[in-house]
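Given the structure is predicted, the values throughout are model-derived calculations rather than measurements.
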Amino acid sequence: MRTVFETIAAAFSMFSALPVPCVEWTGKNTRWLLAAFPLVGTVIGGLCWGWVVLCGWLSLPDIMRGAGLTLIPVLVTGGIHLDGYADIWDALSSHAPPEKKQEILQDPRLGAFAAIRLCCYFTADFALWTALPRYDGPLFLLLFCLSRTLSGLSVAAFPLAKDTGLAHNFAKAADKKKLRIFLSLLTVLLAAGMCLRGPDGAAAVLSALCVFVYYSRMAKRQFGGLSGDLAGWFLQTAELWMLGVVCLTQYGEALL
């Protein structure tokens, strides 16, 4: 039980900005750290759900609901995944060979293309949250978990671009075979739960899987393998596409 607690605490200390008890990182509690990663999604989904309920109680305008739903994931994670998202777009925009792209990922400076993509991301995210016809709390709680489950699965399953970095450290410490099985089963359960919520949930699952397939090919072709930045890029991209598809499907349902 102590190891489970320490694993969860380590996952939240790594992938969120929330205050958690300080634990020593050991081989035992990092072996299953990626399995605890989706729990961060439950916190984000729960807080978003609570914000929507609060907006309803106070009769706040849709723009306030959208602003809160845009900011909550960033505030909870501290922007750790957005950092990777920005770095990847800087590297992709260079159209350089994989080796050069890896060098760009090491550059701490924010490039022009990264800034442009971040502006586009937040504009699209805010617009979609504001325009969303119906907020299904359980669906989005599962959605935030699914993106993290697939991101963790990629670290355990995809070939790595280099023998350094967070992705390598997590993959090296993990029991990858058991972790892949666990995260694959969790993916199936989360996907089934989302599909049971209706057509919008099923469409979100399909979009996440399409992004995952593209991500697996892009990582190898453009970067020579997976990195922590790519895992963050996937998470942000999958969540944006799932949100967009849910919004589009709900509008389509209203027209039928």
Less than 4.5 Å apart, any side-chain heavy atom of [X] and any of [Y]?
| X | Y | value |
| --- | --- | --- |
| L33 | F37 | no |
| M218 | F223 | yes |
| L58 | M64 | no |
| F12 | V43 | yes |
| L243 | E239 | no |
| L132 | R65 | yes |
| F5 | P21 | yes |

Heavy-atom closest pair, residues [X] and [Y]:
| X | Y | answer |
| --- | --- | --- |
| A35 | L183 | CA-CD2, 4.2 Å |
| A9 | V20 | O-CG2, 3.7 Å |
| A114 | D90 | N-OD1, 3.2 Å |
| L139 | D200 | CD2-OD2, 3.8 Å |
| A231 | S151 | O-OG, 3.2 Å |

ask   = Going by the angle between their ring planes, with limits at 30° and 60°, are F158 and F212 parallel, tilted or perpendicular?
value =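 F158 and F212: tilted rings.
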
ask   = Looking at W51 versus Y135, is the centre-to-centre ring distance below 6.0 Å?
value =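 No: the rings miss the under 6.0 Å criterion.
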
ask   = Does a donor on one side chain and an acceptor on the other come within less than 3.5 Å for Y215 and S154?
value =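 Judged by distance alone, the side chains do pair up.
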
inquiry  = A quick test of your reading: do over 12 heavy atoms of other residues, nucleotides or ligands sit less than 6.0 Å from CZ of F113?
reply    =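 Not buried by this count: 12 neighbours or fewer within 6.0 Å.
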
message = Using a 6.0 Å cut-off, check whether atom CG of L18 has over 12 heavy atoms from anything other than its own residue.
response =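 Yes, the 6.0 Å shell around CG holds more than 12 heavy atoms from other groups.
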
ask   = Is I116 linked to L92 within one hydrophobic cluster, defined over Ile, Leu, Val, Met, Phe, Trp and Tyr using a side-chain heavy-atom separation of less than 4.5 Å?
value =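 No.
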
request  = State which residues pass side chain to side chain contact (heavy atoms under 4.5 Å, CB included) with S94; sequence neighbours excluded, sorted by chain then number.
outcome  =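 With sequence neighbours excluded, S94 shows a side chain to side chain contact (heavy atoms under 4.5 Å, CB included) to A96, K101, I104, given in chain and number order.
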
